[in-house]
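All of these numbers come straight from a predicted model, not from anything done at the bench. Chain A is the first sequence line, chain B the second, and so forth, proteins listed ahead of strands; every chain is numbered from 1.
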Number of protein chains: 2
Amino acid sequence: MSPSPVIEDTLKTIYHLQQEAGPPVGTSAIADRLDKAQATVTSTLDRLEDQELITREPYQGCELTDKGRTVAVEVLRHHRLLETYLADHLDYPWEQVHEEADRLEHHISEEFERRLAETLENPRRDPHGDPIPGEDLEPPNQDPMTPLSACEVGDRVVITRVSDRNEDDLAYLADVGITPGTAVHIVDVAPFGMITLDVDGTEQAIPEEVATSIRVTSLNDVDDSVSVDHRGDA
Amino acid sequence: MSPSPVIEDTLKTIYHLQQEAGPPVGTSAIADRLDKAQATVTSTLDRLEDQELITREPYQGCELTDKGRTVAVEVLRHHRLLETYLADHLDYPWEQVHEEADRLEHHISEEFERRLAETLENPRRDPHGDPIPGEDLEPPNQDPMTPLSACEVGDRVVITRVSDRNEDDLAYLADVGITPGTAVHIVDVAPFGMITLDVDGTEQAIPEEVATSIRVTSLNDVDDSVSVDHRGDA
DNA sequence: GTATTAAATTAGGGTAGGCTAAATTATGAC
DNA sequence: GTCATAATTTAGCCTACCCTAATTTAATAC
């Protein structure tokens with residue numbers, strides 16, 4: 001039986017949390033991300049454990065098995081291929097692709113996945129700058145990237161990815177011209193306030209909460225493995 | 001709350017059965033089509049009635065309300081837009097589009113539906129020759145069409161639609177060159193056996209079970225309302 | 001009208017996925 | 001070490017869907 005949307009969403013969330021803070025991943029962290037009650041997640045984790053998709057230490061947290069990680073990565077591949085396709089072929093605005101992909105990722109066939117990848121010519125990055133896992137379903141290595149709010153003033157940097165979490169923030173960033181591939185100059189970083197950027201000659205002030213969802217790379221570090229400029233649509 | 005896939009599939013099935021034989025639609029006819037137990041369908045119909053999507057006479061059958069028919073037609077629009085898109089833009093073979101569309105039809109947003117229709121330039125027929133309902137969700141008028149097995153020998157006819165029910169039959173028909181828009185000559189109709197057609201100069205024998213899924217229109221009757229030749233890919 | 005039969009419903013039971021409230025366990029303060 | 005708190009699990013309940021088996025109703029034959 002192929003995994004249900006709930007199972008896939010839970011595995012995907014554990015995968016992301018593992019990337020961010022490493023295992024073990026706690027129940028309430030998952031519940032927060034999925035907007036479910038803790039008890040609901042506990043019973044879902046029971047099922048994941050039965051299916052050998054995670055290992056678990058009572059009261060301590062869980063960790064993906066190889067099997068679980070492969071499922072998570074496949075869902076991630078679906079998600080990012082869909083985002084890319086929606087933006088490139090159906091003219092979706094950059095900030096709207098996430099929501100649609102989040103539903104469809106659970107319902108496309110292997111055939112559909114293949115044809116998407118083929119039509120897009122096996123893209124390596126999605127519209128947010130995130131790496132798209134390959135057909136082998138190896139976890140993509142997350143490039144070590146610095147959040148914008150932690151950058152030094154005076155850096156000349158290039159945006160490599162923008163989190164796809166919040167649609168309003170995304171729309172705002174797209175509006176001021178900040179997309180993966182944009183080169184910017186950091187004019188000022190205030191400890192508790194706005195971060196000022198020079199974007200294409202215009203100064204833009206970004207609230208810090210929003211800025212932390214932007215990851216940047218120093219211009220010197222731009223190389224093939226990061227490959228940010230294949231998708232500079234703004 | 002938007003209707004679940006089970007609710008949508010049941011409404012779609014009732015819609016089709018109403019088109020074929022008119023209301024009331026019996027429980028076991030629905031159960032057969034959906035490959036579910038009768039008792040399962042009975043309890044689904046209870047829910048449909050609660051939601052005012054159907055009316056029901058105990059032991060007699062059910063009928064769609066306006067509300068229920070609108071939901072069914074929207075699902076039908078999704079299905080046929082998806083089939084058309086898969087065939088035209090993702091290079092799906094004609095006989096494979098049905099299965100993929102049957103899952104995805106329940107999971108696309110109104111936005112996705114709009115962008116599909118726009119990209120396809122508001123198509124009127126899907127790859128099987130079936131009419132695609134418009135944005136207004138008015139039920140498309142099913143053109144009165146004759147099943148092939150009921151045609152007179154000697155007719156010069158044009159294929160207007162081919163049922164999308166059975167993938168194997170579809171592949172076979174596509175293989176011998178029978179798709180919506182093909183003009184054929186009926187050479188022979190045996191009472192219990194094969195039907196012989198002249199397709200593009202070659203004689204093709206079709207088993208009667210398969211032939212009944214092909215609907216035809218006399219060449220004289222071909223007009224704008226039927227518009228079969230905008231999609232003659234074979 | 002009665003008997004047969006087919007169709008439909010009811011009865012009873014199962015799993016997945018959702019919740020709140022109560023109990024339990026781990027953790028950090030002191 | 002004890003205590004307060006936070007995280008986690010358990011207990012108990014709900015709905016949607018799914019099933020089989022038993023019952024009821026409708027339709028048909030005679």
[X] [atom1] - [N] [atom2] separation (whole Å):
X	N	atom1	atom2	result
Asp9(B)	dA16(D)	CG	C1'	15 Å
Leu48(A)	dT8(D)	CG	P	15 Å
Asp32(A)	dA7(D)	CG	P	9 Å
Ile7(A)	dT15(C)	CD1	C1'	12 Å
Glu8(B)	dA16(D)	CD	P	16 Å
Ile54(A)	dT8(D)	CD1	C1'	14 Å
Asp46(A)	dA16(C)	CG	C1'	12 Å

Look at all strands and tell whether Ser28(A) reaches a base, only sugar-phosphate, or nothing, counting heavy atoms closer than 4.0 Å. sugar-phosphate
Heavy-atom distance under 4.5 Å between the side chains of Leu137(A) and Arg77(A), does that happen here? yes
Donor-acceptor contact below 3.5 Å, side chain Arg115(B) vs main chain Asp91(A): yes
Could you encode protein contacts along nucleotides 18-27 of chain C as a string, one character per nucleotide from 5' to 3', using B for base contact, S for sugar-phosphate-only contact and - for no contact, with a heavy-atom cut-off of under 4.0 Å? SBB----SSS
Thinking salt bridges, do Lys12(B) and Glu105(B) make one under a 4.0 Å N-O criterion? yes
State whether Thr42(B) places a side-chain N or O below 4.0 Å from either non-bridging phosphate oxygen (OP1 or OP2) of dT9(C). yes
Near-ring test His79(A)/His98(A), centroid separation under 6.0 angstrom: yes
According to the interplanar angle, ranging from 0 to 90°, do the rings of Tyr92(A) and Phe112(B) count as parallel (below 30°), tilted (30 to 60°) or perpendicular (above 60°)? tilted
May I ask you to check whether Thr55(B) and Glu63(B) show a side-chain donor-acceptor distance below 3.5 Å? no
